[in-house]
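Structure first, then comments.
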Amino acid sequence: MSGLYDVGSILVQNTPTAADDQPVGDPNYLVGLDLNGRRVVVVGGGTVAQRRLGLLIASGAEVHVISREATPAVEGMATSGQISLELRDYADGDLAEAWYAMACTSEPETNAAVVEEASRRRVFCVRADNARLGTAVTPATARYDGMSLGVLAGGQHRRSAAVRTAVLEALQSGVVTDDSAPAAPGVALIGGGPGDPDLITVRGRRLLARANLVVADRLAPPELLAELGPDVEVVDAAKIPYGRAMAQEAINTALIEGAKAGKFVVRLKGGDSYVFGRGFEELEACVAAGVPVTVVPGVTSAISVPALAGIPVTHRGVTHEFVVVSGHVAPDHPDSLVDWPALARLRGTIVLLMAVERIEKFAAALLEGGRAADTPVTVIQEGSLRTQRIVRADLSTAAERVRAEAIRPPAIIVIGPTAGFTAGSPDSESSAAVAH
Ligand SMILES: C[S@@+](CC[C@H](N)C(=O)[O-])C[C@H]1O[C@@H](n2cnc3c(N)ncnc32)[C@H](O)[C@@H]1O
């Protein structure tokens, strides 16, 4: 028997084949344990126990840890009330009232004593240092969309972990579907990340795999669209005619009409939908029309594109703030809501989006407001994509360099001391054209 801390689990067991040199059939009986509100005693509070505690806590178990010492993470779980912790030696009798037990100390004799007590009490017990000597084993597990996956492979941990991961990835990417019930009609507003298809969230990818209709922005990761099945209708929002306002109306209508026609509609955007993405306007339109909306946050380009170029937007002792600013309108434009003199007085990082076209004006406004001319500036075009380009300059030369290198949107302009960092970006240096 083994413990999946959930009911309604998918259980995968290793079946020996005739081709196996040595049959390694897993003799265990996989089961889902309902541990909610039930006492589970874990003996040992080191890293071995720590790895197992998260799932036990998530299952609603009343977890009691007995250990001479505990890792800071285990202590933190006790402080926050997720588990109870007694810092002392294990003693016979500690498994009273337990439904399930785990022996996770580094001392074989203590683990043996825990298993022995558990067997006397008819309580199943995992023994971490030697699984065969316990009476239960923990499968390689994963959670996916309300399911638990568990794999046992006769003690071959790498094999069970590899199968678990492969099944999980197949589900996440839509290669394997679990759509016994079609997705309910509605809209999912998904942030697709900066462009690399690996940088969408797991939830975003899962919901995208279930879409009937996808309304995609220009900056939505193109490779994700290429993965969609032939039956999925894709509307390219960038190609919707009319002016800006009308195009937004048309997008809202497409989302609402699609959902009302019974479709599961994904609105796929670049980065995060709420960072200069008009996501909230779309949410409001759907809600006003009575269409349910799920919001899936995305990895915004404002942070991830600098990171992929080796630039942290904050760094201890260097910058204690970062500000993300739209360069959609010039500083002197009556519609501008940005306090450029205040920005110029900051010492931290300024991340400018949509600013390539007017970089001369933004640089001038910052210099005029007192930001030093030698403040480092890094400009990253098409971050995370194979076509990524990086230009390094300072505030006095940035505009000129951007023009000389013919940088075009989409690009991020990072201004501040961390923009001058070059260490720790081997990937970006080798995979990108870096113009100095
Ligand atoms: C309308 S805003 C949308 C931002 C998006 N919602 C986000 O959170 O990343 C578009 C701007 O984001 C920036 N951007 C988005 N993806 C980018 C990328 N892969 N590389 C560089 N800049 C990017 C550019 O400044 C671009 O003009």
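Order of appearance sets the numbers: ligands from 1, and atoms from 1 within every ligand. Along the sequence shown, residues carry numbers from 1.
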### Query
Does the gap between the ring centers of F421 and H315 come in under 6.0 Å?
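Ring centres of H315 and F421 closer than 6.0 Å.
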### Query
Is R206 close enough and on-axis enough to Y144, meaning under 6.0 Å and within 45°, for cation-pi?
yes
May I ask you to test the [X]-[Y] pair for a side-chain heavy-atom distance under 4.5 Å?
X    : Y    : result
I350 : L352 : yes
T105 : S67  : no
H320 : T314 : no

Identify the protein heavy atom lying closest to [atom], giving its residue, its atom name and the separation to 0.1 Å.
atom                    : value
atom 8 (O) of ligand 1  : T300 OG1, 2.7 Å
atom 18 (C) of ligand 1 : G383 N, 3.6 Å
atom 22 (N) of ligand 1 : I412 CG1, 3.2 Å
atom 26 (C) of ligand 1 : P410 CB, 3.9 Å

Just by modelled atom types, is the [Y] backbone N or O under 3.5 Å from a matching donor or acceptor in the [X] side chain?
X    : Y    : answer
R371 : L346 : yes
N212 : F264 : yes
S384 : D196 : yes

Is it the case that ligand 1 has an N or O less than 3.5 angstrom from some N or O of [X]?
X    : answer
P194 : yes
Q381 : no
G277 : no
G195 : no
S273 : no
S384 : no
L352 : no
P409 : no

### Query
Looking at CD of E62 and CD1 of I57, how far apart are the two atoms once the value is rounded to the nearest 0.5 Å?
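It comes to 12.5 Å.
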Which atoms from ligand 1 have a heavy atom of [X] less than 4.0 Å away?
X    : value
S301 : 7 (C), 8 (O), 9 (O), 12 (O), 13 (C), 14 (N), 15 (C), 16 (N), 17 (C), 23 (C)
L219 : 10 (C), 15 (C)
F276 : 1 (C), 2 (S), 3 (C)

### Message
Please determine whether the number of non-hydrogen atoms from other residues, nucleotides or ligands lying under 6.0 Å from atom CD of E321 exceeds 12.
### Response
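Enclosed.
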### Query
Within a reach of under 6.0 Å around CZ of R403, are more than 12 heavy atoms found that belong to other residues, nucleotides or ligands?
yes
### Query
Who gets closest to atom 11 (C) of ligand 1 by heavy atom: R408, M354, Q388?
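That would be M354.
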### Selection from A220, P221, G271 by shortest heavy-atom distance to atom 7 (C) of ligand 1
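Looking at heavy atoms only, the winner is G271.
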At under 4.0 Å between heavy atoms, which part of [X] makes contact with ligand 1: side chain, backbone, both or neither?
X    : result
V275 : both
A411 : backbone
L353 : both
I380 : backbone

### Audit row: R52, C104, side chain to side chain contact (heavy atoms under 4.5 Å, CB included) steps and yes/no
CA-CA 9 Å; R52 290 167 164 82; C104 301; 4.2 Å; yes
### Query
For ligand 1, is E382 a contact, meaning one of its heavy atoms is under 4.0 Å away?
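So E382 counts as touching ligand 1.
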### Task
I would like to know whether L228 and L208 meet side chain to side chain contact (heavy atoms under 4.5 Å, CB included); could you show each step before the answer?
CA-CA 8 Å; L228 297 170; L208 183 62; 4.0 Å; yes
